[in-house]
Every structure is written in C-alpha cells, then in structure tokens.
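See structure below.
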Amino acid sequence: MFDQIAMVGGGLVVGLGAGILLFKYISDKKVSDSRGLAERIVEEARKESEALKKESRIQAQDEIFNQKKELEREFKDRESQLKSEEKRLHSKEERLDAKREKVADKEAQVVEMEKQLIKLEKNLTEMEEDLNQKSDEHERKLQEISGLTVEEARENLLKEIESRTRHEAAKMIRNIEMEAKENASKKAKEILSLALQRYAGDYAGEQTVTAVALPSEDMKGRIIGREGRNIRALEAATGVDLIIDDTPETVVLSAFSPLKREIAKQALERLIHDGRIHPARIEEIVRKVEGEMDTKLKEIGEQATFDVGVHGIHPEIINLLGRLHYRTSFSQNVLQHSMEVAFLCGVMAAELGLNEKEAKRAGLLHDIGKAVDHEIEGPHAIIGADLAKKHGESKEIIHSIAAHHEDVAPMSILANLVQAADSLSGARPGARKELLENYVKRLEELEGLATGFDGVQKAYAIQAGREIRVMVDSEKVGDENTYVLCKDIAEKIENNMTYPGQIRVTVIREKRAVGYAK
C-alpha cells in the first residue's frame, strides 16, 4: 500500500513539473510575440510621423510661397499708389506756382490801383472843397434874393412836398381801390353767388318760451300743488320758469336756454301722463330726462357730422355739437348756423381749389365755444379754439376758429373763408333778430363815429345800419381828400364797433353855386 502511495506521489510530482515547464514556454512565447508587435507598431508610427513631417514641411513651404507672392503684390500696389500720389503732388505744386505768379501780378496791379485811387481821392477832395465854396456862395445869393433863411426855405419846401405827396397818394389810393374793386369784387361776387345758389337752407326763428298742452284745467292745480310746492320743485330742478295764466289748458315754460326748456317740457309731459306729481317724483323724472338728453345730444351731434360729411371728430366735440342744437344766437339756431357755415365754406373752398373737407370741418366747429361759454370765461372763439386744441384738431382748424371774430388776426385763407361764411350766414335777411334798443344804439354809435371827423357836416345810417352816407363841407374837404376821409372812417368803424357782415361807407361832397338875376 505504501508502495502505491509512493508511486502516486511520484506521478504528481512529475506532472506538476511538466505543467510548470509548459506554462513557462507559453509565457515566453507570448512575451516574444508582444515584443515583436510593439516593435512593428513603433516602426509604423515612426514611418507615419516622418510622412506627416514631410507633408507639413511641404505645406509650410507652399504657405510661405503664397504669402511671399501676396506681399510682393501689395508692395507693387503701394509702390504704384505712391508714384501716383507723387505725380499728383507734383502737378499740384506746379499749379500753386502758377497761382503764386498770378497773385504776385495782381498784387502789383493792386499797388498801382492804390496809387491811382490816392490820386483820385485827392482830386475829389479838392473838387468837394470847391463845390462847398460854390454852394455856400450860391446859398448866400439865394438868401439875399428870397429874403428867407435856409431853415425857412426847407420848411416851405417840405410843406409843398407833403401837400403834393398827399394829393398824389389820394389819387393812387383811388386808382388802386377802383382797380381792386373791379377785379376782387367781381370774383368775390361770383364765388358768393355760387355758394348761395348751391346752398338753400331753411330758417326758423327760435323762441324763448315753450307751450305745453294740458289734458284739462284741473291739471293746473295738480302742477301747482299744495301751497305751490310742486311748481317750486319743478322750477328748482329744471331752472325754468312756469307761467300758469288764464290760457285754457296750457302751461308756458320760459327760459333763455332751449336745452333747459326741452328738459322741462319732457319732464312735465311725463309727469302729466304718469299722474303722480309730487316733489320726489319730479326730481326723479327730471334726472331721468337729463340722462336721456345726454344720449340724444350725442345722436344729434353725430347726425350733424354725417350731414356735413365730416368724420373723425372727438366724441366730446360731437357731444358739444349736440348741445349747440339747443343754443341760439339772435334767435338763430347755432347748430343750424354752424352746418350752414360748413356748407358755405365747402362750396367756396372748392371754387378756390382748397381742401373742401378741411373747410367744412372748420365751418362746423367754428362756434363750438358757444356750447360752454357760460361755464368758462372768455370769448367763445378763444374757448372753441382751446377745446379744438385739447381734442386733437389741426393747427389750421384751431386758428380758423380763434380768428373768425378777429379775436386773433386771421393768418390763413381758411380763417378768412370761415369768417366770410359766418358773416354771410348771420347777415342774410331774416337769419337773425335784433332788439330794437340795441338796433337804435348801434345806428347812433355808427353816425357818431362818422360825425367826429373834421369837415363832416351830417351822417346818415341807412339799410339797417349796413351803409352810412357822410355829407362833408366842400370848403374844408377837397375832391381827392374825400377818398382819404372815406378810408379813415371805415378804419375807425372796424376798430371801434362790432357788427355782422360789412358796412358800406359813402362820402358825398357837393359844391353849389348860387346867383341872383335882377
């Protein structure tokens, strides 16, 4: 058994030795193979590196060659530019030399001219002294002959020149006015007549009272109320006076504001229809009617802009146009007047080749200040111009509004058009009414202005104050001076009076010779 164990152990030792030898052989072979592979890789890398170096060297040489060619080209270009610049400078230098020679020649000529001028100046001085001596001698002789001093002769001469000048000026004024009237009057009449022909607007006078019909006489007592509380409440809420008299089944509303009368009328009609008439109900109905009136004012303003053909107006301006429907000027409805002015402006602008829409816009808005003139101090033209400026209207529109009553001087054709159309609308027969007292006062003031001039004997205002005829003393006022006097009277009327349209001034000079045969 021990022998078997020994044999087995010996076999293991032999096998282990053989395995170790085999493993060593394999390892040595792998190391040898790896070493060969590494050597081949290093050799290939060395060859590739040499190829890359060679290629880089070739590329660098090409780059250097290209840069050298580029530098040579730039050098040649700069050399060419320098030669061109040098040539230009040389040419400029030659021109400067030529100019220097010319300047030197001119300097010589100037020196020669200075010498001649000095000589001429000396001669002129001698001649001036000689003339002064002769003038003094001539003046002394004239004084001896005329017996007048120099100051007296000068004063007489100036008076004679002034007299002749005034005479010639009067003739010139007469000729200029006649020529201007022949041309301007004819053209103006054509344009105005065409405007009037193309616009034929109806007119209805506005009143300061409104009548409200009642269903029965008993309603008057209900409107008055116990101890008059209902009528007092209605007058306080509307600002309108209620006149209840013996007129059967009628109550009269009296107020200068058509807007307040309209609100009071609608409120009273609703109260009568409703039947409940007491102070609280009156205040409620009046507030409701005022709210509805704001909407109605906007609708009226929009309709006016649509009828005239003007668009893009600010909503606040449209509301003010609606308020003009309930405003009057000398009993003329202001909104109707504004629309009429807009149409007339449009027609005249079209005839003159101007912007028709702009003219209509200016005409429609020219009296917009009357919608608030009781709330803001100042002339309605200036108030209207401020409102137009506030709501984005153009400078031309603003100026035409401010200048239509000459609160500012008109500086554009549009302003003159609006002024003319406004006068034409307000001055036509029947358009406006005037109180008798104001009418008589205006005529007296007109005659007083004319009689205040020297040489005027009498003055008569005729044609409802649209013409004044002035009788002058023929001994004090000559034929030519009548034109100067006429112009002076017209200017004084323009500066001191306010009137619609225009006033014609006629100066009459009459020379009478009376003799008796015996």
Side-chain angles (χ1 to χ4, degrees), residues 34-132 311-312 314 349-350 352-359 361-362 385 388-400 402-403 408-417:
S34 299
R35 190 173 296 154
L37 179 62
E39 289 177 356
R40 287 196 302 272
I41 291 172
V42 169
E43 182 64 23
E44 290 177 358
R46 184 182 62 77
K47 291 180 179 180
E48 186 175 356
S49 174
E50 289 179 356
L52 289 173
K53 286 181 181 180
K54 186 175 181 181
E55 184 177 356
S56 299
R57 191 179 298 112
I58 293 172
Q59 290 179 355
Q61 289 176 354
D62 292 340
E63 184 70 22
I64 292 171
F65 179 76
N66 292 332
Q67 289 180 359
K68 183 177 179 182
K69 288 180 67 177
E70 183 68 23
L71 290 173
E72 288 178 353
R73 185 169 59 255
E74 289 181 2
F75 177 76
K76 289 181 180 179
D77 292 341
R78 290 191 179 184
E79 185 178 5
S80 176
Q81 291 177 0
L82 289 174
K83 288 181 179 180
S84 177
E85 187 70 19
E86 183 179 358
K87 184 177 181 181
R88 188 178 63 81
L89 291 174
H90 181 69
S91 176
K92 188 175 181 180
E93 186 177 357
E94 290 179 350
R95 290 196 299 270
L96 289 174
D97 291 338
K99 287 183 179 180
R100 289 193 193 96
E101 293 178 358
K102 291 181 180 178
V103 169
D105 295 339
K106 288 185 178 180
E107 286 179 354
Q109 293 177 3
V110 169
V111 171
E112 183 64 26
M113 290 175 66
E114 286 179 353
K115 292 179 180 179
Q116 293 178 2
L117 287 174
I118 292 171
K119 185 177 179 180
L120 290 173
E121 186 178 358
K122 184 177 179 182
N123 294 336
L124 288 173
T125 303
E126 293 176 354
M127 291 174 65
E128 185 178 1
E129 292 176 355
D130 187 29
L131 287 173
N132 289 334
H311 307 287
H314 193 276
L352 295 172
L354 303 177
N355 190 327
E356 185 176 352
K357 290 187 177 180
E358 186 179 39
R361 192 184 194 94
K389 183 178 181 181
K390 178 181 178 182
H391 295 99
E393 293 295 330
S394 64
K395 292 181 179 179
E396 291 76 11
I397 301 294
I398 295 169
H399 174 69
S400 64
V408 299
M411 303 296 292
S412 65
I413 298 178
L414 182 61
N416 289 315
L417 271 184

| said: Run the salt bridge (charged side-chain N to carboxylate O under 4.0 Å, His left out) test on Asp97 and Arg100 for me, step by step, so that the C-alpha distance in whole Å, both residues' side-chain angles and the decisive distance to 0.1 Å come before the verdict. | reply: CA-CA 5 Å; Asp97 291 338; Arg100 289 193 193 96; 2.5 Å; yes
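Put simply, the side chain of Lys68 does not reach to within 4.5 Å of the side chain of Leu71, judged on heavy atoms. Within the 4.5 Å cutoff, the side chain of Glu396 has no heavy atoms near those of the Ser412 side chain. Side-chain contact between Glu393 and His314 is absent, with no heavy atoms from C-beta onward closer than 4.5 Å. For the pair Glu79 and Lys83, the minimum side-chain heavy-atom distance is below 4.5 Å.
Around the CD1 atom of Ile413, the shell of radius 6.0 Å holds no more than 12 heavy atoms that belong to other residues, nucleotides or ligands. At most 12 non-hydrogen atoms from other residues, nucleotides or ligands lie less than 6.0 angstrom from CD of Glu86.
Scanning both residues, Pro410 and Ala403, for their nearest heavy atoms gives CA-CB, 3.8 Å. Between Ile398 and Ala388, the shortest heavy-atom distance links the atoms CG1-CB, 4.0 Å. For the residue pair Glu356 and Ala350, the shortest heavy atom distance occurs at OE1-CB, 3.9 Å.
For the atom pair NE2 (His311) and CZ (Arg361), the distance works out to 10.0 Å, reported to the nearest 0.5 Å. Atom OG1 of Thr125 and atom CG of Asp130 lie 12.5 Å apart (nearest 0.5 Å). Note that NZ of Lys395 and CE of Met411 are 14.0 Å apart. Values are rounded to the nearest 0.5 Å. Separation of atoms CD1 (Ile58) and CD (Glu55) is listed at 7.5 Å; rounding is to 0.5 Å. Atom-to-atom distance recorded for Glu101:CD and Leu96:CG is 11.5 Å, nearest 0.5 angstrom. Remark: Ile397 CD1 to Leu414 CG distance equals 5.5 Å, nearest 0.5 Å.
Between the side chains of Glu94 and His90, a donor-acceptor pair is found at a separation under 3.5 Å. Side-chain N/O atoms of Arg88 and Ser84 include no donor and acceptor closer than 3.5 Å.
Listed for the Ser49 side chain is no donor-acceptor partner under 3.5 Å among the backbone atoms of Ala45. Of the possible donor and acceptor atoms, none in the side chain of Ser80 sits under 3.5 Å from a partner among the backbone N and O of Lys76. For the pair Asn66 (side chain) and Asp62 (backbone), a donor-acceptor distance under 3.5 Å is present.
Tested against Gln116 for a side chain to side chain contact (heavy atoms under 4.5 Å, CB included), the candidates Lys119, Glu112, Glu114 yield a single pass: Glu112.
Taking the charged nitrogens against the carboxylate oxygens, Glu50 and Arg46 do have a contact shorter than 4.0 Å, which makes a salt bridge.
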